[in-house]
Peer 1: 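Before I ask anything, here is the structure I am working with.
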Amino acid sequence: MSLRQQKNGKQIPWTLAELKTGLEHFYEQQKRYPTATEVDAYAYLPSARSIERRFGGLVALRKQLGLGIEHDFRTGTHSTNRAHLINKRAHRVEQTVYERLVRRFGKEMVHREYFFTDDHRTRADFFVYDEQRGFCVDVFYPNSLRNLAGCLNIKIKKYIGTKSLLLYPVIFLQMNESIQQKEIDTLVSHKAKKLQTGQYVMEWGTFEVFCRGRDPLKVLRA
DNA sequence: GGTGCTTCACATCTCCATCG
DNA sequence: CGATGGAGATGTGAAGCACC
């Protein structure tokens with residue numbers, strides 16, 4: 001994603017000073033230094049992979065430049081803050097989805113922490129009983145499209161070997177409003193790891209349409 | 001109260017297909 | 001044929017749960 005000029009079709013090697021300038025430029029705008037994913041998306045820096053090859057990685061580069069911050073964002077304070085954010089957000093987002101599902105399908109029909117394997121170890125966020133065969137919902141909130149792919153791989157792995165797939169749809173519901181269904185579909189269609197039959201990745205708008213097509217179960221009361 | 005196990009999502013490392 | 005970047009693999013920390 002680099003805007004850098006090429007000379008005679010050849011890439012001019014980035015210098016340490018240029019990288020420092022690029023990082024500081026990012027810092028001025030964001031008040032923090034970029035992660036690998038953000039470096040990839042940033043026009044004034046080479047890709048994280050290029051930094052890996054030429055400078056031994058982002059961690060090594062930060063160390064070399066002496067930016068006065070923690071060098072490795074995978075551990076330490078940065079990681080702690082990230083974990084806190086993830087946990088809080090996951091709780092909030094799951095609660096939101098729960099309330100919306102209950103509003104449409106009724107409290108008795110929305111089961112939380114649904115076990116879909118016999119060993120009772122693996123579970124999904126929700127199972128909803130409806131007039132059809134019901135459906136399963138796994139909610140998540142990735143901070144980027146790149147991360148969405150990562151999350152998806154984890155989920156695909158988790159659901160491998162579960163026999164439930166053909167019995168009802170399994171929906172991976174991503175709740176980041178800035179990620180559009182179109183981007184998701186493109187990513188999913190290009191993935192090496194394919195979704196299994198009956199698995200879908202949706203953003204909220206698409207999921208709402210899906211829900212409208214599912215009729216709430218009518219319970220006969222004596 | 002402690003221990004082990006799981007989930008959440010993220011940052012980085014690594015592989016390798018593609019491109020000029 | 002070397003350089004590039006897309007994307008899977010790996011490991012991290014907080015928190016919830018079962019179990020003792």
Side-chain angles (χ1 to χ4, degrees), chain A residues 1-14 23 26 30 32-43 45-64 67 69-98 112-117 119-126 136-160 162 172-176 178-179 183-184 186-195 201:
Chain A
M1 184 57 107
S2 153
L3 284 183
R4 208 144 183 284
Q5 297 290 322
Q6 296 189 344
K7 228 182 222 170
N8 308 325
K10 282 196 174 177
Q11 187 75 33
I12 308 159
W14 288 75
L23 288 174
F26 185 97
Q30 307 287 328
R32 59 185 179 79
Y33 287 105
T35 64
T37 314
E38 289 167 334
V39 165
D40 274 341
Y42 200 56
L45 289 169
S47 72
R49 252 90 61 257
S50 292
I51 292 177
E52 187 68 42
R53 283 183 290 260
R54 289 199 222 288
F55 298 90
L58 266 174
V59 177
L61 178 69
R62 293 189 193 107
K63 206 175 287 182
Q64 226 179 122
L67 298 175
I69 50 160
E70 277 182 325
H71 302 129
D72 193 340
F73 291 174
R74 288 172 299 185
T75 62
T77 313
H78 181 93
S79 184
T80 297
N81 292 341
R82 166 166 44 88
H84 276 134
L85 174 83
I86 288 169
N87 285 322
K88 265 189 210 154
R89 189 181 57 197
H91 184 261
R92 176 166 46 78
V93 167
E94 192 183 313
Q95 189 60 30
T96 304
V97 173
Y98 177 69
R112 300 181 96 146
E113 307 230 314
Y114 177 76
F115 289 99
F116 55 78
T117 53
D119 61 9
H120 268 233
R121 280 177 54 238
T122 323
R123 57 184 182 244
D125 295 326
F126 303 110
C136 206
V137 187
D138 205 324
V139 182
F140 66 117
Y141 191 115
N143 74 346
S144 67
L145 197 61
R146 170 82 177 96
N147 250 314
L148 189 149
C151 292
L152 222 46
N153 286 336
I154 294 167
K155 292 187 185 306
I156 287 170
K157 204 170 177 181
K158 173 172 121 179
Y159 280 78
I160 275 175
T162 60
F172 301 129
L173 176 60
Q174 88 78 19
M175 294 295 285
N176 184 335
S178 68
I179 299 175
E183 304 173 90
I184 299 171
T186 305
L187 181 139
V188 166
S189 68
H190 289 114
K191 274 180 70 59
K193 278 191 166 196
K194 298 292 179 198
L195 292 173
V201 187

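The analysis underlying the following values was restricted to heavy atoms, covering all of them including side chains, and did not include hydrogens, waters or symmetry mates. If you're wondering where the values come from, they're calculated on a predicted model, not measured in any experiment. So you know, we letter chains A, B, ... as the sequences are listed, proteins then strands, and number each from 1.
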Peer 1: Measuring from the side chain of Lys191(A) (C-beta onward, heavy atoms only), which nucleotide among dT12(B), dA9(B), dG8(C) has the closest atom?
Peer 2: dG8(C)
Peer 1: Once you round it to whole Å, what is the distance between P of dG8(C) and CG of Leu145(A)?
Peer 2: 12 Å
Peer 1: Starting from the 5' end of DNA chain C, give me the residue, Asn81(A) or Arg49(A), whose nearest nucleotide shows up first.
Peer 2: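 Its nearest nucleotide lies further toward 5', so the answer is Arg49(A).
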Peer 1: Between C1' on dT6(B) and CZ on Phe140(A), what's the gap in Å once rounded to a whole number?
Peer 2: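 Going from Phe140(A) (CZ) to dT6(B) (C1'), I get 19 Å.
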Peer 1: Using atom NZ of Lys157(A) as one end and atom P of dT7(B) as the other, report the distance to the nearest whole Å.
Peer 2: 11 Å
Peer 1: Please determine whether any donor N or O and acceptor N or O are separated by less than 3.5 Å between the side chain of Arg53(A) and the base of dG5(C).
Peer 2: yes
Peer 1: Please list, chain by chain and in numerical order, all residues satisfying side chain to side chain donor-acceptor pair (under 3.5 Å) with Arg112(A), sequence neighbours excluded.
Peer 2: Gln95(A)
Peer 1: Given atom CZ of Phe73(A) and atom C1' of dA9(B), what is their separation to the nearest angstrom?
Peer 2: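 That distance rounds to 17 Å.
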Peer 1: May I have the distance from Asn143(A) (atom CG) to dC8(B) (atom C1'), rounded to whole angstrom?
Peer 2: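 Asn143(A) atom CG is separated from dC8(B) atom C1' by 13 Å.
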Peer 1: Does OP1 or OP2 of dG8(C) have a side-chain N or O of Asn153(A) closer than 4.0 Å?
Peer 2: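 Yes, because at least one side-chain N or O of Asn153(A) sits under 4.0 Å from OP1 or OP2 of dG8(C).
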Peer 1: Can you list the residues that meet the ring-ring contact (aromatic ring centres under 6.0 Å, His included) rule with Phe73(A), with sequence neighbours excluded?
Peer 2: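 Scan of Phe73(A) (ring-ring contact (aromatic ring centres under 6.0 Å, His included), adjacent residues dropped) gives His78(A).
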Peer 1: If I take atom CZ in residue Phe126(A) and atom C1' in nucleotide dC8(B), what distance separates them, rounded to the nearest angstrom?
Peer 2: 14 Å
Peer 1: Taking the side chain of Arg54(A) as heavy atoms from C-beta outward, which of dA14(C), dT4(C), dA9(B) is closest to it?
Peer 2: dT4(C)
Peer 1: Would you say dT12(C) has OP1 or OP2 under 4.0 Å from some side-chain N or O of Ser79(A)?
Peer 2: no
Peer 1: For Phe55(A), give me all partners under ring-ring contact (aromatic ring centres under 6.0 Å, His included), at least two apart in sequence or on another chain.
Peer 2: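 By the ring-ring contact (aromatic ring centres under 6.0 Å, His included) rule, Phe55(A) matches no residue at all.
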Peer 1: For Lys158(A) and dC5(B), give me the distance from atom NZ to atom C1', rounded to whole Å.
Peer 2: 14 Å
Peer 1: Please check this pair: side chain of Glu70(A) against backbone of Thr77(A), looking for a donor-acceptor N/O pair closer than 3.5 Å.
Peer 2: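 Yes.
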Peer 1: Ignoring hydrogens and angles, tell me if any N or O in the side chain of Asp40(A) forms a donor-acceptor pair with the backbone of Ala48(A) under 3.5 Å.
Peer 2: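 Yes, Asp40(A) side chain to Ala48(A) backbone: donor-acceptor pair under 3.5 Å.
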Peer 1: Give the nucleotide from the list dC8(B), dT12(B), dG13(C) with an atom nearest to the side chain of Thr80(A).
Peer 2: dG13(C)
Peer 1: When you measure from every atom of DNA chain B, which of residues 83-91 of chain A have a heavy atom less than 4.0 Å away?
Peer 2: Ile86(A), Asn87(A), Arg89(A)
Peer 1: Would you check if the side chain of Gln30(A) reaches a backbone N or O of Arg32(A) as a donor-acceptor pair within less than 3.5 Å?
Peer 2: no
Peer 1: Side-chain donor or acceptor of Arg146(A) under 3.5 Å from a matching atom on the base of dA7(C)?
Peer 2: yes
Peer 1: By the 4.0 Å heavy-atom rule, please label Thr37(A) as base, sugar-phosphate, or nothing.
Peer 2: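 Base: the residue Thr37(A), judged by heavy atoms under 4.0 Å, touches a nucleobase.
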Peer 1: Arg92(A) near the nucleic acid: base, sugar-phosphate alone, or nothing, with a heavy-atom cut-off under 4.0 Å?
Peer 2: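 Nothing, no nucleic acid heavy atom in range.
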Peer 1: Got a sec, which residues hit side chain to side chain donor-acceptor pair (under 3.5 Å) with Asp125(A), two or more places apart in sequence or on another chain?
Peer 2: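 Residues passing side chain to side chain donor-acceptor pair (under 3.5 Å) with Asp125(A): none at all.
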Peer 1: If the condition is ring-ring contact (aromatic ring centres under 6.0 Å, His included), which residues does Tyr141(A) pass it with, not counting sequence neighbours?
Peer 2: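 Here no residue qualifies.
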Peer 1: Tell me: CD of Gln95(A) to C1' of dG16(C), nearest whole Å?
Peer 2: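 It works out to 15 Å between those atoms.
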Peer 1: For Arg82(A) and Ala192(A), find the nucleotide of DNA chain C closest to each by heavy atoms; which residue's nucleotide sits nearer the 5' end?
Peer 2: Ala192(A)
Peer 1: Counting the atoms with a prime plus P, OP1 and OP2 as sugar-phosphate, which does Gly57(A) contact under 4.0 Å by heavy atoms, base, sugar-phosphate, or nothing?
Peer 2: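 Since only primed, P, OP1 and OP2 atoms lie under 4.0 Å of Gly57(A), the category is sugar-phosphate.
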